[in-house]
Amino acid sequence: MAKEYRTIQEVTGPLMMVNGVENVTYDELGEIELADGQVRRCKVLEINGSTALVQLFEASTGINLSNSKVRFLGHSMELGVSEDMLGRVFDGLGRTIDGGPEILPDKRMDINGLPMNPAARAYPSEFIQTGVSAIDGLNTLVRGQKLPIFSASGLPHAQLAAQVARQAKVRGTSEPFAVVFAAMGITFEEAHFFEESFKETGAIDRTVLFINLANDPAVERVSTPRMALTAAEYLAFEKDMHVLVILTDITNYADALREISAARKEVPGRRGYPGYMYTDLATMYERAGRQRGKKGSITMIPILTMPEDDKTHPIPDLTGYITEGQIILSRELYRKGITPPVDVLPSLSRLKDKGTGEGKTRKDHASTMNQLFAAYARGKDAKELMVILGEAALTEIDLIYAKFADEFEKRYVSQGYKTDRSIEETLDIGWELLRILPRSELKRINEAMLDEYYDKK
């Protein structure tokens, strides 16, 4: 039986001080029972001798210092996990919110997880087809990889996230595949969009949804991605499934971290974020990967909106250090009506060469990828020159490259949010575009491959 304390010293905002506690540990969960029998939950943020500083999950209104009791539960936050989670919707604390029955858990797991031992990691190498050409063809996603999407406010990252979650698959295998989708600090409309998007395509049957709304408490927002990763670890490493985890929006998560840090009066770091934000993000991101001797895997796509479109802001900056590349969305392409507006030149998947080639995608993938990058970069340069000097100042070949850049954006990058392209379709569109250029310009592709693909009309 948990010991009860009636020693609440003070309550300020979401924080509460309890005196005279014994054997209480950091991160432990607690319950506050009000005079009218109402129960609210809290979490231990700090222990100083026999004084505990706790953070409330709900509002502090109505807590009477002399009549309220506090019980500490002897464990940190846990999630009851089971295969029945697939197809269900939960809040940021792991409670069902879809009107269905409660989950009967196979076991309860600590949401903080255990970081994977680097020596136990298997190298990511299997191609995941997202159906999005700008990712599959040029910034290939590999099973076990962490590939964030850097967006900006007002850009359609929610549509891209839903599209990837609906379409992602590992080709040529019948291995079980699941998606764990965690949304943090989103509006009710966005939550409704994600739920409906999965339901109408049937993708909900293989998806676990965690939704934390903008008006939910900050402390719940911090637990939401950990709940999602715990569900993913269970499905991947105990049920041998391949799991794609999509976390949106990491910026809301980091803002909640800053809010809690400020309430604890911690010394702020860059832009007011806590100095330990790098460590905190790493403890989440590093839970993705593959383990030797285990069939399952966790692949992660964190999505973040860059404040003021600034790549050097602490959130994208630290995320870029920990993850293997980034997909960057462009406001300029969005204004042109390119959907999804993926800016392929600054985007990067550091593991793309591990997931391409014969037996994984197609033998011409790597060389066409390099040629498309080079041609698009030159085409963009030609278009900039055209703006400054006028079209008459460009050479004939520069005009061809400028035309290539326009066609590349319209036909390769822009495909809408409902089109699911196979990797063969993506590569074939790449060859159609390369035929705009004279064969002599394709210096990154060998002659044998040009004979096989370029000359094939």
Side-chain angles (χ1 to χ4, degrees), residues 123-143 145 147-150 160 164 167-172 299 301 323-330 333 338 340-381 400-401 404-415 419-456:
Y123 206 85
S125 64
E126 290 142 302
F127 167 67
I128 291 181
Q129 180 175 293
T130 65
V132 179
S133 292
I135 298 176
D136 292 349
L138 301 172
N139 293 292
T140 315
L141 178 65
V142 182
R143 199 188 266 174
Q145 184 177 4
L147 185 63
I149 294 175
F150 287 7
L160 181 58
V164 170
Q167 296 177 179
K169 60 175 95 48
V170 176
R171 292 153 44 92
T299 307
I301 300 182
T323 54
E324 293 109 17
Q326 68 277 331
I327 304 290
I328 295 181
L329 302 190
S330 150
L333 290 178
I338 306 291
V342 176
D343 195 351
V344 297
L345 293 179
S347 296
L348 166 73
S349 167
R350 292 194 182 99
L351 299 178
K352 64 185 171 193
D353 54 329
K354 305 292 182 287
T356 55
E358 204 159 2
K360 291 178 181 176
T361 51
R362 208 166 74 182
K363 64 182 179 184
D364 58 319
H365 191 158
S367 42
T368 51
M369 180 199 301
N370 294 338
Q371 189 65 65
L372 285 167
F373 267 123
Y376 181 51
R378 184 161 168 193
K380 285 197 64 157
D381 288 346
I400 294 173
Y401 272 107
F404 171 88
D406 286 335
E407 289 295 310
F408 176 80
E409 286 172 4
K410 271 190 227 135
R411 291 170 55 195
Y412 193 97
V413 180
S414 190
Q415 63 178 78
T419 310
D420 185 358
R421 287 182 186 161
S422 70
I423 186 63
E424 288 78 14
E425 286 174 72
T426 291
L427 292 171
D428 291 345
I429 292 168
W431 279 108
E432 282 170 32
L433 291 166
L434 290 174
R435 290 189 196 108
I436 294 171
L437 302 171
R439 179 169 167 153
S440 58
E441 288 292 310
L442 307 183
K443 298 185 175 74
R444 291 165 188 268
I445 303 176
N446 66 38
E447 290 297 318
M449 217 167 267
L450 289 171
D451 291 343
E452 187 176 343
Y453 291 100
Y454 182 83
D455 296 333
K456 182 177 84 178

Task: Given Val170, Ile135, Leu147, the one that forms side-chain contact (heavy atoms from CB on, under 4.5 Å) with Ile128 - done: Val170

TODO: Using a 4.5 Å cut-off on heavy atoms from C-beta on, say whether the side chain of His365 contacts that of Ile423.
DONE: yes

Task: Pairs touching residues 404-415 that satisfy salt bridge (charged side-chain N to carboxylate O under 4.0 Å, His left out), sequence neighbours left out - done: Lys336-Glu409, Lys383-Asp406, Glu407-Lys410, Glu407-Arg411, Arg411-Glu432

- [ ] Measure across Thr356 and Thr361 and return the closest heavy-atom pair with its distance rounded to 0.1 Å.
- [x] CA-OG1, 3.5 Å

Open item on the list: Taking side-chain contact (heavy atoms from CB on, under 4.5 Å) as the definition, give me every residue that meets it alongside Asp381, ordered by chain and number, with sequence neighbours left out.
Closed with: none

Open item on the list: Determine whether a donor-acceptor pair (N or O, by modelled atom type, separation under 3.5 Å) exists between the side chain of Lys169 and the backbone of Gly131.
Closed with: no

- [ ] Can you sort out the partners of Glu324 under side-chain contact (heavy atoms from CB on, under 4.5 Å), two or more places apart, ordered by chain and number?
- [x] Gln145, Lys146, Arg350, Leu351

- [ ] Take Thr426 and Tyr412 through the test side-chain contact (heavy atoms from CB on, under 4.5 Å) and record every step on the way to the result.
- [x] CA-CA 7 Å; Thr426 291; Tyr412 193 97; 3.3 Å; yes

Open item on the list: Can you list everything that forms a side-chain hydrogen bond (donor to acceptor under 3.5 Å, both in side chains) with Glu447? Sequence neighbours excluded, please.
Closed with: Arg439

- [ ] Side-chain contact test, heavy atoms from C-beta onward, threshold under 4.5 Å: evaluate it for Phe404 versus Leu434 and give yes or no.
- [x] yes

TODO: Using side-chain contact (heavy atoms from CB on, under 4.5 Å) as the criterion, list what pairs up with Asn446, not counting sequence neighbours.
DONE: Ala448, Met449

Task: Side chain proximity check, Val342 to Leu329, heavy atoms < 4.5 angstrom - done: yes

Open item on the list: So, taking the atom named OH in Tyr454 and the one named OG1 in Thr368, what distance separates them when rounded to the nearest 0.5 Å?
Closed with: 14.5 Å

Open item on the list: Under the rule for salt bridge (charged side-chain N to carboxylate O under 4.0 Å, His left out), what residues qualify as partners of Glu424, not counting sequence neighbours?
Closed with: Arg171

- [ ] Give, for atom CD1 of Ile327 and atom CG of Leu141, the distance between the pair rounded to the nearest 0.5 Å.
- [x] 8.0 Å

Task: Closest heavy-atom pair and its distance - Ala134, Val413 - done: CB-CG1, 4.5 Å

TODO: Would you mind reporting whether Leu437 and Ile400 have side-chain heavy atoms less than 4.5 Å apart?
DONE: yes

- [ ] Using atom types as modelled and distance alone, determine if a side-chain donor or acceptor of Ser367 lies under 3.5 Å from a backbone N or O of Arg444.
- [x] no

- [ ] Say whether, by atom type as modelled, one donor and one acceptor occur between the side chain of Ser349 and the main chain of Thr140 under 3.5 angstrom.
- [x] yes

Task: For Phe150, ring-ring contact (aromatic ring centres under 6.0 Å, His included) partners two or more places apart - done: none

Task: Any side-chain heavy-atom pair of Asp428 and Tyr453 under 4.5 Å - done: no

Open item on the list: Under the rule for salt bridge (charged side-chain N to carboxylate O under 4.0 Å, His left out), what residues qualify as partners of Asp353, not counting sequence neighbours?
Closed with: none

Open item on the list: Can you list everything that forms a side-chain hydrogen bond (donor to acceptor under 3.5 Å, both in side chains) with Asp136? Sequence neighbours excluded, please.
Closed with: Thr130

Task: Which residues share a ring-ring contact (aromatic ring centres under 6.0 Å, His included) with Tyr376, sequence neighbours left out - done: Phe408

- [ ] Can you sort out the partners of Thr419 under side-chain contact (heavy atoms from CB on, under 4.5 Å), two or more places apart, ordered by chain and number?
- [x] Gln415, Arg421

- [ ] For the residue pair Trp431 and Leu450, establish whether any side-chain heavy-atom pair is separated by less than 4.5 Å.
- [x] yes

TODO: Grab the two heavy atoms, one from Gly325 and one from Pro148, that are nearest each other, plus how far apart they are.
DONE: O-CD, 3.0 Å

- [ ] Can you run down the salt bridge (charged side-chain N to carboxylate O under 4.0 Å, His left out) pairs that involve residues 363-377, sequence neighbours left out, and say none if there aren't any?
- [x] Arg362-Asp364, Lys363-Glu452

Open item on the list: Could you check whether any side-chain heavy atom of Pro124 comes within less than 4.5 Å of a side-chain heavy atom of Arg143, counting everything from C-beta outward?
Closed with: no

TODO: Evaluate the side-chain contact (heavy atoms from CB on, under 4.5 Å) criterion for residues Leu372 and Val344: first the C-alpha distance (whole Å), next the side-chain angles of each, then the deciding distance (0.1 Å), finally the verdict.
DONE: CA-CA 10 Å; Leu372 285 167; Val344 297; over 6 Å; no

